[in-house]
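Before any comments, here is the structure.
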Amino acid sequence: MKLRIERSTLVDQLTLASRGVNLRGGGLFVLTGLHLRADGDGLTATGTDLDLTVRTRLSTPVEAEGETVVPARLLTDIVRALPSGEVTLELTDDDVQISSARAQFSIRTLPTADFPVLPQPAGDSVTVPAGDLAEAFRQVVRAASSDDARPILTGVLMTARGDGLRLVATDSYRLALRDLPEAQVLGPGQQVLVPSRALEELGRILNADRDVTMRLGEREVTFEVGDEHRFTQIICRLIAGDFPSYQPLIPESYDNRLVIDRAALLDGARRLRLLARDTNAPLRMDLREDGIELTVISQDVGSASEEVDATYSGESTTVAFNPDYLIEGLEAVGGNTIELVRLDALKPAVLQAPGQGEFLYLLMPVRVS
């Protein structure tokens with residue numbers, strides 16, 4: 001195997017493929033490596049932990065075909081550290097030679113025969129515009145749990161809704177929901193639970209000017225992005241199990257409503273979070289007709305407060321939220337103005353942009369005395 005390729009281009013490819021690598025290896029040390037294949041189509045790099053696979057292909061001239069497995073982190077760090085310009089990769093016996101300008105490296109390879117044979121994508125393909133899908137992933141994935149002890153909550157529910165698609169994620173403390181009315185991805189009544197990690201990686205590479213192709217198999221889902229010059233494939237196992245029933249949490253009516261400038265509330269919450277970041281103190285919100293007062297009280301650190309102009313309708317009350325979860329919701333919703341409805345000490349509040357029902361962010365309150 002031998003080829004020459006521009007350093008910056010190679011770094012991008014290796015970094016992307018490495019997102020699928022299990023750097024700890026688990027029970028299979030070869031999974032800490034990237035599988036490299038050079039052939040007539042160019043250079044293909046594959047990283048996998050058997051649950052998530054990221055495969056990238058780059059069209060580039062190949063002087064000698066071949067394949068090998070190279071430690072992912074070491075290879076990527078070496079190429080990133082090389083000077084700008086052309087990089088030569090050459091396989092010789094059990095080593096890969098990496099050279100650029102006056103720098104030369106020789107690193108041991110991993111057994112190619114031990115690298116698992118990965119299944120080819122199955123299922124019919126559906127192509128949708130990437131722009132709205134990338135925004136939806138950005139909004140929803142943040143609400144998924146990172147606790148592997150609750151695997152169902154680490155996924156994003158993708159379910160057919162009319163002629164479109166609904167995405168839902170929750171960690172039981174907040175819930176994000178986004179409807180894509182014209183994204184006909186699933187069949188009527190069909191739903192799947194996709195690992196949030198896969199959608200997060202996909203969201204990083206989606207380009208608003210291109211489409212994404214989705215293939216749904218019996219146990220896995222495949223996303224494909226790119227063209228004949230640069231192509232990326234993300235394959236992940238679907239999560240088995242039933243997603244929690246979330247529809248009863250969405251209120252049909254509400255007793256109070258807060259309309260406020262998103263940037264003003266976001267800036268104030270970020271400032272007051274400085275006192276809460278080491279103490280898990282909640283962010284209190286005192287609601288009045290002419291505005292709100294934000295307060296954080298930490299017995300060991302101190303206190304802070306800030307008033308923010310707003311329009312509030314309903315009885316005066318005080319609610320409290322986890323400041324990190326509130327900030328993430330404000331970052332997700334977008335727009336200049338947001339509304340919070342059903343502000344209650346015991347029930348989840350709904351954060352959304354006024355008049356735009358395609359995205360909802362539900363946030364559980366924190367009990368305070």
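Here the structure is a predicted model, which means the values were calculated and not measured.
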Taking [Y]'s backbone N and O only, do any of them form a donor-acceptor pair with [X]'s side chain (distance below 3.5 Å, no angle check)?
X      : Y      : value
Tyr361 : Tyr325 : yes
Arg342 : Pro348 : yes
Arg7   : Arg80  : yes
Arg150 : Ser145 : no
Asp179 : Pro181 : no
Asp171 : Arg174 : yes
Glu201 : Val54  : no
Arg73  : Thr32  : no
Gln97  : Thr92  : no
Ser316 : Arg288 : no

task = Determine, stepwise, if the pair Asp49 / Arg197 fulfils salt bridge (charged side-chain N to carboxylate O under 4.0 Å, His left out).
result = CA-CA 12 Å; Asp49 63 4; Arg197 177 186 167 203; 2.5 Å; yes
Trace of the side chain to side chain contact (heavy atoms under 4.5 Å, CB included) decision for Asp261 with Asp309 = CA-CA 8 Å; Asp261 182 82; Asp309 293 334; over 6 Å; no
same_hphob_cluster([X], [Y]) at 4.5 Å side-chain heavy-atom cutoff:
X      : Y      : value
Leu272 : Phe321 : yes
Leu10  : Leu91  : yes
Leu330 : Val141 : no
Val341 : Val259 : no
Leu186 : Val126 : yes

How long is the gap from [atom1] on [X] to [atom2] on [Y], to the nearest 0.5 Å?
X      : Y      : atom1 : atom2 : answer
Ser59  : Phe231 : OG    : CZ    : 13.0 Å
Thr311 : Glu339 : OG1   : CD    : 11.5 Å
Arg161 : Gln191 : CZ    : CD    : 12.5 Å
Leu265 : Leu294 : CG    : CG    : 6.0 Å
Leu16  : Thr56  : CG    : OG1   : 5.5 Å
Leu52  : Glu220 : CG    : CD    : 12.5 Å

[atom1] ([X]) with more than 12 external heavy atoms under 6.0 Å:
X      : atom1 : result
Arg271 : CZ    : yes
Asp290 : CG    : yes
Glu6   : CD    : yes
Asp255 : CG    : no

request  = Using salt bridge (Lys or Arg N to Asp or Glu O under 4.0 Å) as the criterion, point out the one residue from Asp94, Asp93, Asp95 that pairs with Arg108.
outcome  =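 Of all the options given, the one that passes is Asp95.
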Quiz: residues 235-251 side-chain donor-acceptor pairs under 3.5 angstrom, not counting sequence neighbours:
residue, atom, partner, partner atom, Å
Arg237, NE, Leu50, O, 3.2
Tyr246, OH, Arg166, NH1, 3.3

Measure across [X] and [Y] and return the closest heavy-atom pair with its distance rounded to 0.1 Å.
X      : Y      : answer
Leu82  : Ala103 : CD2-CB, 3.8 Å
Ala38  : Leu3   : CB-CD2, 4.3 Å
Met285 : Ile292 : CG-CD1, 4.0 Å
Val366 : Asn322 : CG2-N, 3.6 Å
Ala345 : Val319 : N-CG1, 4.0 Å
Val140 : Leu177 : CG2-C, 4.3 Å

Short side-chain donor-acceptor distance under 3.5 Å, [Y] and [X]:
X      : Y      : result
Thr127 : Thr213 : yes
Arg230 : Thr9   : no
Glu67  : Thr112 : no

ask   = Would Met214 and Val221 satisfy side chain to side chain contact (heavy atoms under 4.5 Å, CB included), going step by step from the backbone distance to the final call?
value = CA-CA 7 Å; Met214 174 178 167; Val221 61; 3.7 Å; yes
Are [X] and [Y] packed together at the side-chain level, in the sense that at least one heavy-atom pair is separated by less than 4.5 angstrom?
X      : Y      : result
Leu36  : Leu14  : yes
Lys2   : Thr88  : yes
Tyr173 : Asp324 : no
Pro116 : Leu118 : yes
Tyr254 : Leu343 : no
Glu358 : Gln139 : no
Leu133 : Leu180 : yes
Thr48  : Phe115 : yes

task = Any chance you could lay out the side chain to side chain contact (heavy atoms under 4.5 Å, CB included) test for Thr295 and Ser303, step after step, and finish with the verdict?
result = CA-CA 7 Å; Thr295 306; Ser303 63; 5.7 Å; no
query = Run the side chain to side chain contact (heavy atoms under 4.5 Å, CB included) check on Ile297 and Val368 step by step: do they pass?
reply = CA-CA 11 Å; Ile297 301 174; Val368 292; over 6 Å; no
ask   = Does the pair Ser99 and Gln104 meet the rule for a side chain to side chain donor-acceptor pair (under 3.5 Å), with working shown?
value = CA-CA 4 Å; Ser99 59; Gln104 294 186 350; 5.4 Å; no
inquiry  = Strictly below 4.0 Å, N to O, side chains only: are Glu331 and Arg270 in salt-bridge contact?
reply    =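 A salt bridge links Glu331 with Arg270.
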